[in-house]
Amino acid sequence: MNQNIAGILPASRWGKLIPIAFITYSLAYLDRANYGFGAAAGLAEDLNITPAISALLGALFFLGYFCFQVPGGIYAEKHSAKKLIFWSLILWGALATATGMVHSVALLAVIRFLLGVAESVVMPAMLIFLSHWFTRAERSKANTFLFLGNPITVLWMSILSGYLVNAFGWRGMFIIEGVPAILWAFIWWKIYADRPRDAKWLSEAEKRAVENALAAEQQSIKPVKNYREAFRSPKVLALAFIHFFWNIGMYGFIMWLPSMLKSASGMGIVATGWLSAAPYLLAVPLMLTASWFSDKYQQRKNIVLLFLGLGAVCFIASFTLGATHFWLSWVLLVIAGGAMYTPYGPFFAAIPEMLPRNVVAGAMSFVVCFGALGSFVGAWIVGYLNGLTGSPAASYVFMGGSLVVAVLLTTLTTFSSLSTPTAQTRSAHS
């Protein structure tokens, strides 16, 4: 019976849902990652910001991002991701645009923090949204299409931002890049559906097929009484700390790559934009291939381990070569960046497979929350080290070391459901 249900799951879900998830997450990424270009293009000089304060301003986003992850995820599960993300889009678009109008360091700090608050709900809400629509055999692929909004956005943003800064200055770049989020909010409201039962474009039979297939998966998962029990689970804690150390390397890289490349190469901002785009271009085929392999063979852990390990090795090798071998060092950074992006889909696909529906929203948000804290640490410390030493060498060691810790934790963690799947559930995914 379950196999028949799985056979009639509507393919229209992919065409209707994945594009809106992708665009929404892309716009969020655009407005959080362009600070590195502003910093490289004269923001610090114009506002008389020291390197240490610039690092803190870049990281303040993630402090705000950290604070509201869990409440946002729980609200999306219990109430509506539609309303939550609609208002978030409007708020973060307005704040991103306001960044281009500030003349005070204190006001810029407030905006950066509030921008993090506004965007904090997006990632957990989107992951929960996809878990309402896609089964275990599809989830890594669905998550990967969402997370592709990250490298693809940074790819075109790196190029576009270079040209916008060149044409309009850093203020014009922030103002122009904040507007699309506000416009997209109204499109989001028109076409989004929280759950299959809310979708007008599905027949009643198709709605039941999706709901029944997802309900069948819950039979294989050990019950968890409440959020407190879920947060204390060794597996959830392990995943949270993996995400923490992973994101130290990830967001230190994203936030400060333009500044590090501009300093090391001596090139202009447009050329720096093209160089900064390469890791994100590599990430796209790697993420798609890894998600396909993960869903087909259910190899969540091995994919995370492989690519985080590759990222760590390339970071350390790039540091070892140093600026005297700029182009080879840059190639290794490209590989490191692409590798760090690759496991996101499989990693977050594993969480709904471990925990039941009643706690998965809070647990997933908890893991994302730790990642946000790691992002804050990475963005701040990398920027601080760059300013303190005048060289990115110490930053490479810090990011590479954090990835090594993430790899070690992954090695010790089991990526599987908390109980053995029943024969009936196994047949649904065969």
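Residue indices begin at 1 and follow the sequence shown.
- No option in N247, I242, I248 other than I248 meets the side chain to side chain contact (heavy atoms under 4.5 Å, CB included) test with F244.
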CA sep, side-chain torsions, deciding dist, call: W184, T24, side chain to side chain donor-acceptor pair (under 3.5 Å): CA-CA 8 Å; W184 179 251; T24 304; 2.8 Å; yes
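- Across T413 and A238, no two heavy atoms sit closer than the pair OG1-CB, 3.4 Å.
- Judged by distance alone, the side chain of S88 and the main-chain N or O of A118 form a donor-acceptor pair under 3.5 Å.
- Electrostatic pairing of D194 and K83 does not count as a salt bridge here, judged by no charged N lying under 4.0 Å from a carboxylate O.
- Ring planes of W246 and H243: perpendicular class, angle over 60° (limits at 30 and 60°).
- Relative orientation of the F174 and W170 rings is perpendicular, given thresholds of 30° and 60° on the angle between their planes.
- Heavy-atom minimum distance, L281 versus P285: O-CD, 3.2 Å.
- At a threshold of 4.5 Å between non-hydrogen side-chain atoms, the residues L27 and W92 count as touching.
- You'll find the side chain of I303 reaches within 4.5 Å of the side chain of F293, heavy atoms only.
- Using a 4.5 Å heavy-atom threshold, the side chains of E138 and L9 count as touching.
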Step-by-step side chain to side chain donor-acceptor pair (under 3.5 Å) determination, H132 to R197: CA-CA 10 Å; H132 290 164; R197 62 174 176 263; over 6 Å; no
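- Aromatic rings from F231 and F366 are positioned such that their centres are separated by under 6.0 Å.
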Test log, rule ring-ring contact (aromatic ring centres under 6.0 Å, His included), inputs F86 and W188: CA-CA 7 Å; F86 172 79; W188 162 272; 9.2 Å; no
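- Between the side chain of R139 and the main chain of A349, no donor-acceptor pair closer than 3.5 Å is present.
- In this structure, S120 contributes its side chain and V117 its backbone to a donor-acceptor pair below 3.5 Å.
- W201 and W133 have parallel rings, their planes meeting at less than 30° on a 0 to 90° scale where 60° marks the start of perpendicular.
- Without hydrogens or angle criteria, R13 side chain to P10 main chain gives a donor-acceptor distance under 3.5 Å.
- When all heavy atoms of G249 and S402 are compared, the pair lying nearest together is N-CB, 4.4 Å.
- Counted within 6.0 Å of CZ on F241, heavy atoms from surrounding residues, nucleotides or ligands total 12 or fewer; the atom is thus considered open.
- Judged purely by atom type and a 3.5 angstrom limit, K141 has no side-chain atom pairing as donor or acceptor with the backbone of D295.
- Within a 6.0 Å radius of CH2 in W87, other residues, nucleotides and ligands contribute 12 heavy atoms or fewer.
- Side chains of M340 and F315 form a contact here, defined as non-hydrogen atoms less than 4.5 Å apart.
- A salt bridge links E204 with K207: at least one charged nitrogen is closer than 4.0 Å to a carboxylate oxygen.
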Evaluation steps, ring-ring contact (aromatic ring centres under 6.0 Å, His included), between F147 and F348: CA-CA 10 Å; F147 287 121; F348 283 102; 5.5 Å; yes
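- In plain terms, the two heavy atoms of I351 and L239 that are nearest each other are CG1-CD1, 3.8 Å.
- By the 4.5 Å heavy-atom criterion applied to side chains, Y341 and M250 are counted as neighbours.
- Side-chain N or O atoms of E211 include none that pairs as donor or acceptor with a backbone N or O of R208 at under 3.5 Å.
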